[in-house]
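Notes for the one structure printed next.
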Amino acid sequence: LIFICSQCILTHAAQDDEGEISFSGRVTMLCFRIFIYVFSMGQMLISHSRSVIRDCRKKEFMRICGVPIPEYLRKWQNQCSFLLMISLLVMLIFEPILHCLSHGGPHLLTPHCEESAVYEFTYALLSTVAILLYFILMSDFTVFSTRISAFTLVCSQLISELALFVFAIAVCSLAFACALAALRQEDPNFDNLPNALLHLWKITLRMLPHEAFDHMESESVALFVSVSFFQIL
């Protein structure tokens with residue numbers, strides 16, 4: 001909650017009439033970010049350091065492409081926590097407030113300045129990743145509700161099946177897109193591979209208007225039959 005306030009809410013809610021973040025908002029944002037870096041990131045640094053040292057002493061490793069990885073990272077929760085720690089650590093390096101400390105007066109503690117402009121996109125991207133990882137790690141709280149925990153378990157088991165389903169649709173769409181692009185027809189929606197693939201996905205998601213089908217039928221019967229066969233599949 002503190003991380004969301006410092007990254008999403010205060011950057012917009014604490015703006016004054018000129019679109020600048022007020023001084024009180026900047027101070028609050030700085031306090032929240034210090035809390036995250038010290039207590040959240042600091043706690044993860046200590047926890048992961050202990051786990052790495054323990055696995056190294058016991059020589060417990062798993063190998064990925066021949067590279068030894070500490071055994072504790074086999075669990076997805078530890079993987080997310082490790083990625084979150086790295087994200088926060090890099091965010092601290094690119095922290096805009098630190099790069100703008102040389103600005104005093106009315107711009108004291110501002111996160112927007114010329115020195116930080118080059119890092120803004122990288123910092124925003126890392127902030128997005130960190131927020132998603134925080135929410136993923138919150139799934140551990142589902143153990144407090146049997147109903148939610150059961151729902152989470154079912155969803156986790158269905159992810160692999162959903163991935164296979166999406167992969168099958170992608171392969172089928174690619175096959176038909178290649179075939180339709182090679183077909184002699186003048187429909188601009190299917191005259192090349194990217195357009196054909198895009199419109200087949202639109203058909204799959206029921207986003208293509210009915211007028212497009214009427215146009216296909218009038219332009220090329222073979223095209224209309226091929227697209228109809230794709231819909232049946």
Steps toward ring-ring contact (aromatic ring centres under 6.0 Å, His included) verdict (Tyr119, Tyr123): CA-CA 6 Å; Tyr119 307 117; Tyr123 184 84; 9.8 Å; no
Heavy-atom closest pair, residues Pro70 and Val52: CG-CG2, 4.2 Å
Point-to-point distance, once rounded to the nearest 0.5 Å, from OG of Ser173 to CD1 of Ile203: 9.0 Å
Main-chain N/O of Asp55 paired with Glu60 side-chain donor or acceptor, under 3.5 Å: no
Heavy-atom closest contact (Ser226 atom, Phe176 atom, distance): O-CE2, 3.6 Å
Flag if over 12 foreign heavy atoms under 6.0 Å of CZ, Phe61: yes
Interatomic spacing from CD1 in Ile36 to SG in Cys31 - rounded to 0.5 Å: 12.5 Å
Separation of Phe94 CZ from Leu89 CG (nearest 0.5 Å): 10.5 Å
Heavy-atom side-chain contact between His48 and Tyr72 under 4.5 Å: yes
Close side-chain approach of Tyr134 and Leu88, heavy atoms under 4.5 Å: yes
Joint hydrophobic cluster, Ile97 plus Val27, side-chain heavy atoms closer than 4.5 Å: yes
Nearest heavy atoms of Ala130 and Ser87, plus distance in Å: CB-CB, 4.4 Å
Student check: side-chain heavy atoms of Ser127 and Met91 closer than 4.5 Å: yes
Interatomic spacing from CD1 in Ile136 to CD1 in Ile131 - rounded to 0.5 Å: 12.0 Å
Any side-chain heavy-atom pair of Ile34 and Phe39 under 4.5 Å: no
Salt bridge (Lys or Arg N to Asp or Glu O under 4.0 Å) contacts in which one or both residues fall within residues 168-180, not counting sequence neighbours: none
Hydrophobic cluster identity match, Met85 and Ile53, side-chain contacts under 4.5 Å: no
Gap between atom CD1 of Ile86 and atom CG of Leu133 - 0.5 Å precision: 11.5 Å
Non-hydrogen side-chain atoms of Leu98 and Leu92 separated by less than 4.5 Å: yes
Same cluster (ILVMFWY, side-chain, under 4.5 Å), Leu200 and Leu174: no
Exam field: side chain Ser47 to backbone Gln43, donor-acceptor pair closer than 3.5 Å: no
Where Gln79 and Arg74 come nearest, the two heavy atoms and their spacing: NE2-O, 3.5 Å
Within one Ile-Leu-Val-Met-Phe-Trp-Tyr cluster: Leu137 and Leu83, side-chain cutoff 4.5 Å: yes
Single-linkage hydrophobic cluster, 4.5 Å side-chain cutoff, Ile159 and Ile169 together: no
Close side-chain approach of Cys80 and Trp76, heavy atoms under 4.5 Å: yes
